[in-house]
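Note: hydrogens, waters and symmetry copies are ignored here, and every other heavy atom, side chains too, is used. Throughout, protein chains are lettered first and strands after them, A, B, ... in sequence-line order, and every chain is numbered starting at 1. None of these values were measured; they are calculated from a predicted model.
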Amino acid sequence: MERVEFISQEADFNADTGIRTETMMLNMGPQHPATHGVLRVVLYLDGETVVKAVPYIGYLHRGIEKLCEHITYQQCLPYTDRMDYLASICNNIGYILTVEKLLGIEDAIPERAKTAEVILFELGRIESHLVGIGTNALDLGAMSAFLYCFKERERIYDILETVCGARLTTSYPRVGGLPLDLPDDFEEKVRNFLKVFPATLAEVDSLLTRNRIWIDRTKGVATISAEDAIDLGLTGPALRGSGVPYDVRKAMPYLGYENYDFEIPVANEGDAYSRFLCRMEEMRQSLRIIEQGINNLPDGPYAADLPDVVLPEKELTYTRMESLIRHFVLVYEGFKPPAGEVQHAVENPKGELSYYLISDGTGKPYRMRVRGPSFVNMQALPNMVKGRLLADVIAAIGSLDIVLGEIDR
Amino acid sequence: MSFDFDSLIEAVNSAYPGAVKEKIEYRGETTLIIDKDSISGVCGHLKEMLGFTFLADLTAVDYLEIRTPRYEVVYHVHRFGPEIDENIRLRLKAEVDGDNPKIDSVTYIWSGADWLEREVYDMFGIVFSGHPDLRRILMPEDYEPFPLRKDFDVRDREASKRSFERALREGGG
């Protein structure tokens with residue numbers, strides 16, 4: 001429910017017309033479908049124009065950073081799903097890469113695992129962008145685009161389900177590689193997706209890209225300049241939509257992204273429409289990456305040969321004493337990275353996600369810090385909507401593509 | 001990485017003598033320990049003169065009973081480059097005392113530091129002097145403890161209970 005309150009200190013009486021005007025405070029959220037979760041924004045309105053917007057966050061705070069200080073490195077993985085739950089696989093892979101960097105075992109990860117992770121990462125990106133575009137369109141009244149997007153998202157969830165058994169909260173790769181080899185029908189399913197997805201993308205494209213109403217609602221709305229975007233620390237489509245070609249996949253490549261042929265789409269207007277165009281083009285580029293990945297998916301081992309880190313195969317655990325002991329030690333105590341600290345960034349669908357891990361030489365992280373893209377991107381909202389209409393706030397929140405699970409952590 | 005960090009340290013040290021206390025290399029990442037009092041000057045210099053226009057992250061670590069000073073405020077600054085090896089990420093650390101923890105804010109250098117500093121204040125109780133709006137951000141406004149401090153008792157529910165009861169009183173009324 002939206003609650004309307006009047007504040008009178010800024011009341012102004014116009015003697016000519018006899019009309020009293022005052023700034024109105026409108027509370028939007030925390031339960032509001034267009035806030036994509038539990039975001040609360042207090043809006044100060046002059047008529048329908050936003051004078052000031054103050055976001056309040058923290059309604060979904062679970063203290064993930066604190067929780068992770070009390071469990072082993074491997075146990076932290078499921079918590080990372082629950083941050084950006086629209087692209088949990090990307091969070092998972094980002095975390096795994098950070099721990100691998102902390103252990104110094106990046107070079108031991110087999111190519112098969114890396115390529116599979118790239119494919120899954122890009123599927124996660126498409127999945128997240130589909131929700132981003134779909135809900136942004138839905139908030140602005142375009143129901144059909146939303147349905148097309150969500151139909152296609154199911155296909156990605158089906159692929160994830162065959163790979164790891166879960167659809168939303170994947171908790172999938174492990175430190176050192178994959179927990180199991182990819183299923184036999186993985187390649188077929190991904191190829192099928194590559195075949196059918198461009199048609200849906202074209203459909204969404206034709207529904208929105210040149211749609212008069214969509215353009216009217218998003219073009220020139222929620223604008224942010226390149227300088228402001230960098231200053232505020234925006235990343236992802238929010239930054240590239242303002243013309244800054246920064247993408248972690250190109251700037252600080254991980255998982256061998258430097259060997260893939262793809263481009264970083266950039267739009268220059270800095271408005272909601274630019275961000276939409278960036279997301280659309282990014283999905284096409286992701287398809288290119290997935291295609292290259294699936295064509296070059298090597299055979300061979302799927303996990304690193306590192307007995308100190310990787311769990312033994314299940315069958316060996318059941319049949320061999322040594323493997324059983326290893327299994328117990330790894331589950332109870334976890335592996336122990338040498339004391340030190342690393343930061344690792346990945347290009348999540350919504351922007352730069354980086355983990356900062358400090359090890360004190362025990363099996364539990366001394367400190368785990370998550371820099372979520374949504375948290376930082378959300379700061380741009382007051383700038384974007386100032387002086388705009390109330391309806392543009394909805395477009396701005398949608399175009400920032402935030403997810404509250406990651407803002408609040 | 002081909003970037004010459006030593007000349008960067010020299011440039012910073014010539015502008016702020018003695019500001020860089022130590023340089024640490026680990027797993028291909030460079031960390032500079034910065035004198036707490038010159039942190040905002042060094043950050044400003046890095047941004048204006050050396051092109052580190054992007055603040056990637058700002059956080060803190062509590063080293064209770066491990067180190068003195070107790071806290072470290074950690075900055076990750078980034079310089080964009082057209083080529084891969086021109087993208088430089090640098091970690092800065094400033095040590096902050098355990099009693100009355102306080103450090104200069106960098107919000108006037110990078111506006112994006114606003115919420116990040118609020119979060120550090122919320123979680124560690126480190127005060128950023130010069131911050132325009134230093135309030136709690138994730139925890140309730142009237143919450144007293146600082147959860148990410150190492151001496152925070154995770155089993156103690158009293159503080160949360162007080163906040164919750166107040167919210168119930170105010171909401172129900």
Subject >> Segment of A:Pro373 engaging chain B (4.5 angstrom heavy-atom cut-off) >> reply: neither
Original post:
At what distance, to the nearest 0.5 angstrom, does CG of B:Leu138 lie from CG of A:Asp408?
Top reply: 6.0 Å
**OP:** Answer yes or no: is there a side-chain heavy-atom contact under 4.5 Å between A:Lys66 and B:Met123?
**Re:** no
Original post:
If you check every heavy atom in residues 56-64 of chain B against those of chain A, which residues fall under 4.5 Å?
Top reply: B:Ala56, B:Asp57, B:Leu58, B:Thr59, B:Ala60, B:Val61, B:Asp62, B:Tyr63, B:Leu64
**OP:** Could you tell me whether the side chain of A:Phe375 reaches within less than 4.5 Å of the side chain of B:Ile137, counting heavy atoms only?
**Re:** yes
Subject >> Over all atoms of both residues, closest heavy-atom pair of A:Tyr366 and B:Lys150 >> reply: O-NZ, 2.7 Å
Subject >> Distance, nearest 0.5 Å, that separates CD of A:Gln343 from CD of B:Glu29 >> reply: 6.5 Å
Original post:
More than 12 non-hydrogen atoms from neighbouring residues, nucleotides or ligands closer than 6.0 Å to NZ on A:Lys386, yes or no?
Top reply: no
Original post:
Heavy-atom count around B:Asp99 CG within 6.0 Å, excluding the residue itself: above 12?
Top reply: no
**OP:** Can you tell which part of B:Ile66 gets under 4.5 Å to a heavy atom of chain A, answering side chain, backbone, both or neither?
**Re:** side chain
**OP:** Answer whether the closest heavy-atom distance between the side chains of B:Leu148 and A:Arg367 falls below 4.5 Å.
**Re:** yes
Original post:
Mind checking whether A:Arg369 and B:His76 have side chains closer than 4.5 Å, heavy atoms only?
Top reply: no
Original post:
Taking only residues two or more places apart in sequence, or in another chain, which ones meet A:Ser359 in a side-chain contact (heavy atoms from CB on, under 4.5 Å)?
Top reply: A:Tyr73, A:Leu102, A:Pro337
Original post:
Which atoms of B:Lys47 come close to chain A, meaning under 4.5 Å heavy atom to heavy atom: side chain ones, backbone ones, both, or neither?
Top reply: side chain
**OP:** Taking atom CD of B:Glu65 as the centre, report whether more than 12 heavy atoms of other residues, nucleotides or ligands fall under 6.0 Å from it.
**Re:** no
Subject >> Electrostatic pair B:Arg91-A:Glu341, nearest N-O below 4.0 angstrom >> reply: yes
**OP:** Would you check if A:Ile230 and B:His78 make a side-chain contact, meaning some heavy-atom pair closer than 4.5 Å?
**Re:** no
Subject >> Pairwise distance CG(B:Leu55) to CG(A:Leu232) - rounded to 0.5 angstrom >> reply: 11.0 Å
Original post:
Tell me, side chain or backbone of A:Leu67 under 4.5 Å from chain B's heavy atoms, or both, or neither?
Top reply: neither
Original post:
Under the 3.5 angstrom rule, does the side chain of A:Asp231 hit a backbone N or O of B:Ser111 as a donor-acceptor pair?
Top reply: yes
Subject >> A:Glu106 with B:Arg27: basic N within carboxylate O range, under 4.0 Å >> reply: no
**OP:** Mind ranking B:Trp110, B:Phe54, B:Trp115 by heavy-atom pairs under 4.5 Å with chain A and telling me who comes out on top?
**Re:** B:Trp115
Original post:
Is it true that B:Glu119 and A:Arg371 make a salt bridge, defined as a side-chain N closer than 4.0 Å to a carboxylate O?
Top reply: no
Original post:
Considering only heavy atoms, which portion of B:Arg149 lies under 4.5 Å from any heavy atom of chain A: side chain, backbone, both, or neither?
Top reply: backbone
